Peer 1: 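Pasting a structure below so you can have a look.
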Amino acid sequence: MDVSKVPEFLRPLVPYVERWTAIGNDEVQARLAAARSDQAKMDDTRRFGELFTPELQEECALWTDREPITESEETSAFYFAIGVLDELDLLQSDEDRNTVNSHIEALTKFGSYRLASERMHAAKFLADFGDHASSAIEPLRTALDDEDHRVRVWAHYALYKIGGGDQAHIESIRDYLHDADNEVRTEAAPALGRIGPDAACGIPVLVDLIEDPRQDDFDVPVFMETLASIGADKSLAKETIKRATQSDSEWIRKEASEILKSMTDD
């Protein structure tokens with residue numbers, strides 16, 4: 001990373017960012033799992049989260065919009081590190097921004113990958129408001145045609161939660177399990193998992209994804225967790241995940257064993 005290209009107000013965070021971006025993307029999930037059980041790593045990352053205030057996050061967001069992550073190593077590194085904080089539940093949030101109106105506004109912002117991710121999260125958060133987010137129904141319907149398919153997935157989910165459980169939204173989310181983009185598939189799966197037994201229509205596709213050797217090793221656990229979360233056919237889920245414990249991938253075997261154990265403990 002060229003520190004001279006990082007805005008001065010973000011430079012104190014560079015050492016934390018560099019410690020995380022020094023690893024390969026395919027190692028990220030394994031490192032996150034390790035960090036959770038390593039007090040020193042968690043303390044270091046927690047300090048990063050404390051320093052990265054909502055105000056700095058906003059300034060960083062504006063910077064990443066000016067310097068797209070697809071073109072700048074520096075903004076890409078910060079974007080990745082923010083994802084680490086979020087995954088470890090260490091990313092500070094501004095409670096004043098968690099409102100129906102602020103999320104509706106976020107759905108109208110275009111121009112960068114970060115803003116597309118913001119629209120995706122806005123749709124996801126709106127679902128939590130239930131029928132209190134009725135004013136978001138029309139903006140969410142517009143988001144069903146968003147240029148980013150991740151946004152479409154969570155718009156369907158939000159409309160399902162806000163609008164009273166239309167099965168058509170579940171079927172649309174299931175269809176995104178076939179998307180060519182693995183990021184879309186790994187957003188569609190958790191959305192179905194949140195729905196639970198009513199999302200049983202997604203089970204056959206999830207089984208196929210788990211057993212497809214072309215899937216990225218680090219995506220397969222997402223599909224296994226969803227299969228377990230849906231809970232509509234626990235026997236099939238256990239059989240499928242049990243087969244995954246014999247995978248050639250050490251990561252899949254480990255994750256499958258842990259998911260299977262959690263299902264047995266329930």
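Note that the structure is predicted; figures quoted are calculated from it, not measured.
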Peer 1: Any donor and acceptor pair, going by atom type alone, linking the side chain of Q57 with main-chain N or O of Q92 inside 3.5 Å?
Peer 2: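 Pair found, side chain donor or acceptor close to backbone of Q92.
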Peer 1: Is it true that E138 and R141 make a salt bridge, defined as a side-chain N closer than 4.0 Å to a carboxylate O?
Peer 2: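 Yes, charged N to carboxylate O under 4.0 Å.
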Peer 1: For the aromatic rings, using the six-membered ring if either is Trp, is the centroid distance between F125 and W154 under 6.0 Å?
Peer 2: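 No, the ring centres sit 6.0 Å or more apart.
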Peer 1: Without hydrogens or angle criteria, can the side chains of Y79 and S117 be said to hold a donor-acceptor pair below 3.5 Å?
Peer 2: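 Judged by distance alone, the side chains do pair up.
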Peer 1: Using a 6.0 Å cut-off, check whether atom NE2 of H132 has over 12 heavy atoms from anything other than its own residue.
Peer 2: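 No.
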Peer 1: Does the separation of the ring centres of Y157 and H169 fall below 6.0 angstrom?
Peer 2: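 No - the distance between ring centres of Y157 and H169 does not fall below the 6.0 Å cut-off.
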Peer 1: How about D248: does its CG atom have over 12 heavy atoms from other parts shown lying under 6.0 Å from it?
Peer 2: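 Atom CG in D248 is not crowded, with 12 or fewer foreign heavy atoms closer than 6.0 Å.
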Peer 1: Under a 4.0 Å N-O cut-off, is there an ion pair linking D148 with R119?
Peer 2: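 Answer for the salt bridge query: no.
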Peer 1: Kindly work out whether a path of hydrophobic side-chain contacts (I/L/V/M/F/W/Y, heavy atoms less than 4.5 Å apart) joins V153 to I170.
Peer 2: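 Yes: a chain of side-chain contacts under 4.5 Å links V153 to I170.
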Peer 1: Would you say CD of E50 has more than 12 non-hydrogen atoms from neighbouring residues, nucleotides or ligands within 6.0 angstrom?
Peer 2: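 More than 12 heavy atoms, drawn from other residues, nucleotides or ligands, come within 6.0 Å of this atom.
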Peer 1: So, taking the atom named NE2 in H156 and the one named CD in E171, what distance separates them when rounded to the nearest 0.5 Å?
Peer 2: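 Here the rounded value is 11.0 Å.
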Peer 1: Applying salt bridge (charged side-chain N to carboxylate O under 4.0 Å, His left out), run through D145 and R152 and close with a yes or a no.
Peer 2: CA-CA 7 Å; D145 294 319; R152 297 184 187 189; 5.3 Å; no
Peer 1: Within a 6.0 Å radius of atom NZ on K41, are there more than 12 heavy atoms belonging to other residues, nucleotides or ligands?
Peer 2: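 No - once you tally the heavy atoms of other residues, nucleotides and ligands closer than 6.0 Å, there are 12 at most.
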Peer 1: Quick check against the 3.5 Å criterion: does T21 have a side-chain atom that pairs as donor or acceptor with the backbone of V17?
Peer 2: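 Side chain of T21 to backbone of V17: a pair is present.
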Peer 1: Given side chains that start at C-beta, do those of I162 and L140 come closer than 4.5 Å, heavy atoms only?
Peer 2: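 A side-chain contact under 4.5 Å exists here.
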Peer 1: Could you see if F78 belongs to whatever hydrophobic cluster contains L91? Use Ile, Leu, Val, Met, Phe, Trp, Tyr and a side-chain cutoff under 4.5 Å.
Peer 2: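 In one cluster: yes.
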Peer 1: Report yes or no: does E74 contribute a side-chain atom to a donor-acceptor pair with the main-chain N or O of V3 at less than 3.5 Å?
Peer 2: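 No, E74 side chain to V3 backbone: no donor-acceptor pair under 3.5 Å.
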Peer 1: Take C201 and Q167, measure what side-chain contact (heavy atoms from CB on, under 4.5 Å) needs, and give me the verdict at the end.
Peer 2: CA-CA 10 Å; C201 65; Q167 184 71 22; 4.2 Å; yes
Peer 1: Do any N or O atoms from the side chain of T45 and from the backbone of M42 form a donor-acceptor pair under 3.5 angstrom?
Peer 2: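 Not at all, since once roles are kept as given, no pair shorter than 3.5 Å links the two residues.
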Peer 1: Please check: side-chain N/O of R150 versus main-chain N/O of M120, any donor-acceptor pairing under 3.5 Å?
Peer 2: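 Between the backbone of M120 and the side chain of R150 there is no qualifying donor-acceptor contact (under 3.5 Å).
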Peer 1: Looking just at side-chain N and O atoms, do T99 and N101 make a donor-acceptor pair shorter than 3.5 Å?
Peer 2: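 There is no such pair (donor and acceptor under 3.5 Å, judged by atom type) between the side chains of T99 and N101.
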Peer 1: Are side-chain heavy atoms of T142 and L107 found at a separation under 4.5 Å?
Peer 2: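 T142 vs L107: side chains apart.
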Peer 1: According to the interplanar angle, ranging from 0 to 90°, do the rings of F48 and Y16 count as parallel (below 30°), tilted (30 to 60°) or perpendicular (above 60°)?
Peer 2: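 Answer is parallel, since the angle falls under 30°.
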Peer 1: Is a side-chain N or O of R114 found less than 3.5 angstrom from the main chain of T64, in a donor-acceptor match?
Peer 2: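 Here the side-chain-to-backbone pair does not exist.
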Peer 1: Determine whether W20 and F52 fall in the same hydrophobic cluster, where Ile, Leu, Val, Met, Phe, Trp and Tyr are linked whenever their side-chain heavy atoms lie under 4.5 Å apart.
Peer 2: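 Same hydrophobic cluster.
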Peer 1: Under 4.0 Å between a Lys/Arg side-chain N and an Asp/Glu carboxylate O for R47 and D44?
Peer 2: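 D44 and R47: not salt-bridged.
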Peer 1: Whether R36 and E87 form a salt bridge (side-chain N of Lys/Arg under 4.0 Å from carboxylate O of Asp/Glu) is what I want to check.
Peer 2: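 Yes, this pair counts.
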Peer 1: Is the backbone of G193 close enough, under 3.5 Å, to the side chain of S229 for a donor and an acceptor to pair up by distance?
Peer 2: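 Looks like no, no N/O pair under 3.5 Å.
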Peer 1: Applying side-chain hydrogen bond (donor to acceptor under 3.5 Å, both in side chains), which residue pairs with at least one partner in residues 250-259 are found, sequence neighbours left out?
Peer 2: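 Counting only pairs at least two positions apart or across chains, the side-chain hydrogen bond (donor to acceptor under 3.5 Å, both in side chains) contacts touching residues 250-259 are K254-E258.
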Peer 1: Would you kindly confirm whether L88 and L51 end up in one hydrophobic cluster when ILVMFWY residues are joined by side chain heavy atoms under 4.5 Å apart?
Peer 2: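 Looking at the clustering, L51 is in the same group as L88.
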Peer 1: Report yes or no: do S112 and D65 form a side-chain donor-acceptor pair below 3.5 Å?
Peer 2: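 S112 vs D65: donor-acceptor pair found between side chains.
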Peer 1: Is there a donor-acceptor contact under 3.5 Å from the side chain of T245 to the main chain of A256?
Peer 2: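 It does not hold such a pair.
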Peer 1: If you measure from OG on S76 to CD1 on I69, what distance do you get to the nearest 0.5 Å?
Peer 2: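 S76 OG to I69 CD1: 5.5 Å, rounded to 0.5 Å.
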Peer 1: Could you check whether any side-chain N or O of T240 sits under 3.5 Å from a backbone N or O of L236, counting only pairs where one atom can act as donor and the other as acceptor?
Peer 2: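 At least one qualifying donor-acceptor pair exists.
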Peer 1: Among side-chain atoms of D219 and N182, is any donor-acceptor pair under 3.5 angstrom?
Peer 2: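 Present: a donor and an acceptor within the cut-off.
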Peer 1: Kindly compute the distance separating CD1 (I252) from CD1 (I210), expressed to the nearest 0.5 Å.
Peer 2: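 If we round to the nearest 0.5 Å, I252:CD1 and I210:CD1 are 9.5 Å apart.
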Peer 1: Using a 6.0 Å cut-off, check whether atom NZ of K124 has over 12 heavy atoms from anything other than its own residue.
Peer 2: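 Atom NZ in K124 is packed in, count exceeds 12.
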